[in-house]
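Report on one structure; see the data block that follows.
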Amino acid sequence: MTIAINSTHFINSAGNDFFYDYFVRIAASKPEHQFIFITPHANDELLFTFQNIIQIISFPKANHHLVWKFWLDYTLPAIARKHKADILIHTGGSCSLHTNLPQWL
């Protein structure tokens, strides 16, 4: 199974990486599944030590709600389709309205 995780809304600071660490630990414990982390910037080197984790750097370039909506509705599902994801997990409290891909919020 290929699992895409939209982690663009994680706040990376000391002691604030609980969900990010949680998803990385799940990915590390399930080597039979492929995990795709969609992040706004390159994260730690921990991701590169696992063969089943791919990191894709993608985020809206402008901080405007219409740009975010376009990215969430069209760009993010296109990334998931390109990598043949079976499910898309969102961490920011909103999901895409323009995809038939199963999503978890």
Side-chain angles (χ1 to χ4, degrees):
M1 175 182 273
T2 303
I3 302 165
I5 301 170
N6 172 16
S7 59
T8 56
H9 293 290
F10 285 144
I11 301 170
N12 292 326
S13 63
N16 222 0
D17 299 334
F18 174 76
F19 290 111
Y20 179 77
D21 292 338
Y22 184 73
F23 282 119
V24 170
R25 289 180 190 198
I26 289 174
S29 68
K30 301 292 182 183
E32 66 273 10
H33 300 293
Q34 182 72 40
F35 289 85
I36 302 166
F37 282 83
I38 303 164
T39 61
H41 49 79
N43 288 335
D44 59 342
E45 297 296 322
L46 179 65
L47 293 179
F48 301 112
T49 61
F50 301 107
Q51 297 294 324
N52 64 331
I53 297 177
I54 298 173
Q55 183 180 28
I56 298 172
I57 299 171
S58 177
F59 65 98
K61 304 297 186 219
N63 196 12
H64 190 269
H65 68 281
L66 291 177
V67 176
W68 272 96
K69 181 165 178 51
F70 181 82
W71 182 84
L72 187 64
D73 286 342
Y74 297 103
T75 306
L76 186 61
I79 292 170
R81 277 191 311 272
K82 178 182 174 186
H83 292 280
K84 297 178 176 60
D86 296 314
I87 191 164
L88 180 58
I89 299 174
H90 297 278
T91 60
S94 60
C95 58
S96 176
L97 298 175
H98 293 91
T99 184
N100 293 329
L101 184 68
Q103 302 177 73
W104 284 0
L105 184 62

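As a basis for the values below, the full set of heavy atoms in this structure was taken, side chains included, without hydrogen atoms, waters or symmetry mates.
No chain of hydrophobic side-chain contacts below 4.5 Å, direct or via other Ile, Leu, Val, Met, Phe, Trp or Tyr residues, connects Ile54 to Phe59.
Shortest non-hydrogen contact noted between Cys95 and Gln103 is CB-OE1, 3.3 Å. Nearest heavy atoms, Ile53 versus Ala27: CD1-CB, 3.6 Å. Taking all atoms of both residues into account, the shortest heavy-atom contact from Leu72 to Ser94 is CD2-OG, 3.4 Å. In this structure, Ser58 and Thr75 approach most closely via the heavy-atom pair OG-CG2, 4.2 Å.
By the ring-ring contact (aromatic ring centres under 6.0 Å, His included) test, Trp68 is found to be paired with His9, Trp71, residues two or more places apart in sequence or in another chain being considered. Lys30 is linked by a salt bridge (Lys or Arg N to Asp or Glu O under 4.0 Å) to nothing, counting only residues two or more places apart in sequence or in another chain. His64 is linked by a side-chain contact (heavy atoms from CB on, under 4.5 Å) to Leu66, Val67, counting only residues two or more places apart in sequence or in another chain. For Leu97, the side-chain contact (heavy atoms from CB on, under 4.5 Å) partners at least two apart in sequence or on another chain are Lys69, Asp73.
A heavy-atom distance below 4.5 Å is not found between the side chains of Asn6 and Phe37. Proximity of Leu76 to Ile38: side-chain heavy atoms (C-beta onward) are separated by under 4.5 Å at one or more points. Annotation: side chain of Phe35 is in contact with side chain of Ile5 (closest heavy-atom distance under 4.5 Å).
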Could you walk me through whether Ile36 and Ile3 satisfy the side chain to side chain contact (heavy atoms under 4.5 Å, CB included) test, starting with their C-alpha distance in whole Å, then the side-chain angles of each, then the deciding distance to 0.1 Å, before giving a yes or no? CA-CA 6 Å; Ile36 302 166; Ile3 302 165; over 6 Å; no

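Note that CZ of Arg25 and CZ of Phe23 are 13.5 Å apart. Values are rounded to the nearest 0.5 Å. Annotation: the span from Ile56 atom CD1 to Ser7 atom OG amounts to 10.5 Å, rounded to 0.5 Å.
The backbone N or O of Ile26 lies less than 3.5 Å from a partner atom in the side chain of Ser29, making a donor-acceptor pair.
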Please set out all donor-acceptor pairs under 3.5 angstrom arising from side-chain atoms of residues 77-89, sequence neighbours excluded.
from, atom 1, to, atom 2, distance (Å)
Asp86, OD2, Thr2, N, 2.9

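Evaluation of the salt bridge (charged side-chain N to carboxylate O under 4.0 Å, His left out) test over residues 87-105, restricted to residues two or more places apart or in two chains, returns none. Pairs of residues two or more places apart, or lying in two chains, that qualify as ring-ring contact (aromatic ring centres under 6.0 Å, His included) and include a residue from residues 84-105 are Tyr74-His98.
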